[in-house]
Amino acid sequence: MSAAMIVAIDGPAGAGKSSVARALADRLGFHYLDTGAMYRALTWLALRDGVALDDGPGLAALARQRPVEFGDQDAVSIAGVDVTRAIRAPEIDAAVPVVARHAEVRDVMRERQRLLGHAGDSVIEGRDIGVVVVPDAEVKVWLVADPAVRVRRRHAERAGIDEEALAEDLLRRDERDAANTHRADDAIEVDTTDLTLDEVVDRIAGLVGVRR
């Protein structure tokens, strides 16, 4: 049996990582792994169980004891609870950066991500995928987009939130995520600003076809 093939998709918030990765996985018949959902699920559980968000060791222990699971239709569960919708709530948006910044937590999550990614052909998206999580990925893509376009995309995902507030939040998030947003030297940049989702997927699928 041949080794699993991994496509790593990195880039800043709003560049299109989730939409592109999900559509690409559907196109190729690969597993889709949303690493951000893993941190969100852990955050949800920590808030539910009263684990302090500044307790790195405690959060890491919780992550190891209650690994995140992925099911059909991109379902996300933790501790036996389907949290697919719950982890997109505003309170999770606000709290997840605090959880994700702990080195102990990231170590546990990366271990889990590698295990899931190497279980079969996978598309993995996040902010440190091609450099840290799976540096051996056969295809590495760095998605970028004009800041105004990124804000509009986030606004479409967060109906009811002021666009100006989203722009400020995106700027703060870029600054906050800088430590964990690394572009691999061998990653291929794709600017999604003026491309449709299908066009972006076509480009990456073409890269996958060359490497197979």
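Between Arg40 and Asp93 the shortest side-chain heavy-atom distance falls below 4.5 Å. Within the 4.5 Å cutoff, the side chain of Val141 has no heavy atoms near those of the Val20 side chain. Residues Leu116 and His31 are not in side-chain contact: their nearest non-hydrogen atoms beyond the backbone lie 4.5 Å or more apart. Between Arg106 and Asp128, some side-chain heavy-atom pair lies under the 4.5 Å cut-off. Taking the side chain as every heavy atom from C-beta outward, Met109 and Leu42 approach each other to under 4.5 Å.
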Test salt bridge (Lys or Arg N to Asp or Glu O under 4.0 Å) on Arg27 and Asp202 and set out the steps. CA-CA 9 Å; Arg27 170 86 66 88; Asp202 286 343; 2.9 Å; yes
Please walk me through it: do Asp198 and Thr196 pass side chain to side chain donor-acceptor pair (under 3.5 Å)? CA-CA 5 Å; Asp198 284 342; Thr196 66; 5.5 Å; no
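Under a hydrophobic-cluster definition in which Ile, Leu, Val, Met, Phe, Trp and Tyr are linked whenever side-chain heavy atoms come within less than 4.5 Å, directly or via other members, Val68 and Val51 are assigned to the same cluster. Both Leu47 and Trp44 are part of a single hydrophobic cluster, where members link through side-chain heavy atoms under 4.5 Å apart. At a threshold of 4.5 Å between side-chain heavy atoms, the hydrophobic network of Ile, Leu, Val, Met, Phe, Trp and Tyr places Val139 and Val131 in two separate groups. Cluster membership for Val190 and Val149, using ILVMFWY side-chain heavy atoms within less than 4.5 angstrom, is not shared.
Atom CZ of Arg114 has more than 12 neighbouring heavy atoms from other residues, nucleotides or ligands inside a 6.0 Å radius.
Checked by atom type and distance alone, the side chain of Lys140 never pairs as donor or acceptor with a backbone atom of Asp186 at under 3.5 Å.
Evaluation of the side-chain contact (heavy atoms from CB on, under 4.5 Å) rule for Asp74 yields Arg22, Tyr32 as partners, not counting sequence neighbours.
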